[in-house]
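Below is one structure; the comments refer to it alone.
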Amino acid sequence: MPTQILTILNRPSLDAPAHVEAAPAFHFADATLPQLTVMDLGATRGDGIFETISVNGGHPQALEHHLSRFAESARKLELPAPDLDVWRAAILATIAQLDPGPEAFVKTVLTRGFEGGVRPTGWAYGAHSPDFSDARTTGIRVVLLDRGYRHDIEQTSPWLLAGAKTLSYAINRAAAREAARRGADDVVFVSSDGIVLEGPTSTVVYRRGEWLLSPGTGLGILDGTTQANVFRYAESLGLQTAFELTTPDLLRAADAAWLVSSVRLAAPVREIDGEPFPVDADLTAAINDYLLALTD
Ligand code: PLP
């Protein structure tokens with residue numbers, strides 16, 4: 001069985017014309033061959049959205065949360081609304097075609113389509129995940145980097161699309177390179193008015209005593225699916241959970257912190273801006289075991 005699968009959606013959005021309605025909702029394609037036109041606005045402008053879904057033992061994680069966030073990103077970009085039934089079926093079909101393995105992922109992409117055209121482009125790509133055991137156990141060194149906008153950007157400037165999962169990740173990749181230049185593995189973005197936001201591909205979660213905390217939504221950051229599951233697990237352990245407006249000083253004073261995301265899962269922070277930071281190895285292992293055992 002193959003180790004990568006590409007599924008192209010013939011009907012990615014709810015407004016498909018009648019003749020498309022009659023066609024199969026999706027078809028498989030060769031992931032090693034070019035499939036996208038050079039005129040696709042996803043490629044030429046980064047004008048589109050995506051999700052990356054963990055697959056553990058053949059089960060997609062937080063599928064409904066990912067689908068609702070996908071639809072919300074489409075709404076923010078004024079893209080045609082994705083047909084979530086078709087996307088769900090395409091994701092499950094992609095997983096079913098993948099060579100079984102312990103950890104995999106499916107990435108879904110919806111773009112504004114061919115420049116000058118009227119239909120969006122959509123595909124799901126599934127593959128095995130890289131090995132993140134080192135990040136999950138040894139931990140990661142992070143640097144705090146200025147995101148260059150205030151924490152209320154979502155309310156003041158919705159056209160900047162903060163909080164939507166757009167394809168325009170050049171800034172997120174540049175921040176990761178800046179981290180590497182500073183001898184770190186990852187980044188925590190801070191707003192220009194001093195509020196902790198998120199990582200370039202992850203949500204910040206931290207523990208203070210019996211509380212597990214996270215910056216929360218409405219700050220121009222993503223509504224994390226992994227953070228939601230980590231909170232659910234923490235509550236089952238009897239920890240309290242809450243969102244709080246976090247400053248770098250509050251984060252530095254925490255008992256432990258993680259960058260959590262699909263695929264890499266919970267990576268404990270072991271250094272902030274070159275200063276050693278405590279790792280809660282037991283809670284980290286328990287969180288990752290919980291996330292890896294989830295079946296939906
Ligand atoms: N924030 C950003 C900017 C991300 O790109 C991601 C995931 O890719 C996350 C947070 C974490 O989201 P999730 O836990 O749903 O993967």
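Whatever order the structure lists ligands and atoms in, that order sets their numbers, starting from 1. One-based numbering along the sequence shown.
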So which of Y206, W211, F231 actually passes ring pair (Phe, Tyr, Trp, His ring centres under 6.0 Å) with F243?
F231
Should you measure from each heavy atom of [X], which atoms of ligand 1 turn up under 4.0 Å away?
X: S202; answer: 1 (N), 2 (C), 4 (C), 6 (C), 9 (C), 10 (C), 11 (C)
X: S261; answer: 14 (O), 16 (O)
X: G199; answer: 3 (C)
X: E198; answer: 1 (N), 2 (C), 3 (C), 10 (C)
X: K165; answer: 4 (C), 5 (O), 6 (C), 7 (C), 8 (O)

Which heavy atom of the protein is the closest neighbour of [atom], given with residue, atom name and distance?
atom: atom 3 (C) of ligand 1; value: P200 O, 3.3 Å
atom: atom 11 (C) of ligand 1; value: T203 OG1, 3.6 Å
atom: atom 16 (O) of ligand 1; value: S262 OG, 2.7 Å

Test of understanding: given a 4.0 Å heavy-atom threshold, classify the contact between T226 and ligand 1 as side chain, backbone, both, or neither.
both
Give the contacting part of R69 toward ligand 1: side chain, backbone, both or neither, where contact means a heavy-atom distance below 4.0 Å.
side chain
Do the side-chain N and O atoms of [X] and [Y] include a donor-acceptor pair separated by under 3.5 angstrom?
X: D30; Y: T32; answer: yes
X: H27; Y: N10; answer: yes
X: H65; Y: D223; answer: yes
X: T3; Y: D99; answer: no
X: D134; Y: T138; answer: yes
X: S261; Y: T226; answer: no
X: E154; Y: Y149; answer: no

Going by heavy-atom distance to atom 13 (P) of ligand 1, choose the closest among T225, V205, N229, L291.
T225
So, regarding [X] and ligand 1 (criterion: nitrogen or oxygen to nitrogen or oxygen, under 3.5 Å), is there a contact or not?
X: T52; answer: no
X: Y169; answer: yes
X: H66; answer: no

More than 12 heavy atoms of other residues, nucleotides or ligands under 6.0 Å from CD of E235: yes or no?
yes
Could you tell me if any non-hydrogen atom of A62 lies under 4.0 Å from any atom of ligand 1?
no
Is the shortest distance from a Lys or Arg side-chain nitrogen in R181 or E178 to a carboxylate oxygen in the other one below 4.0 Å?
yes
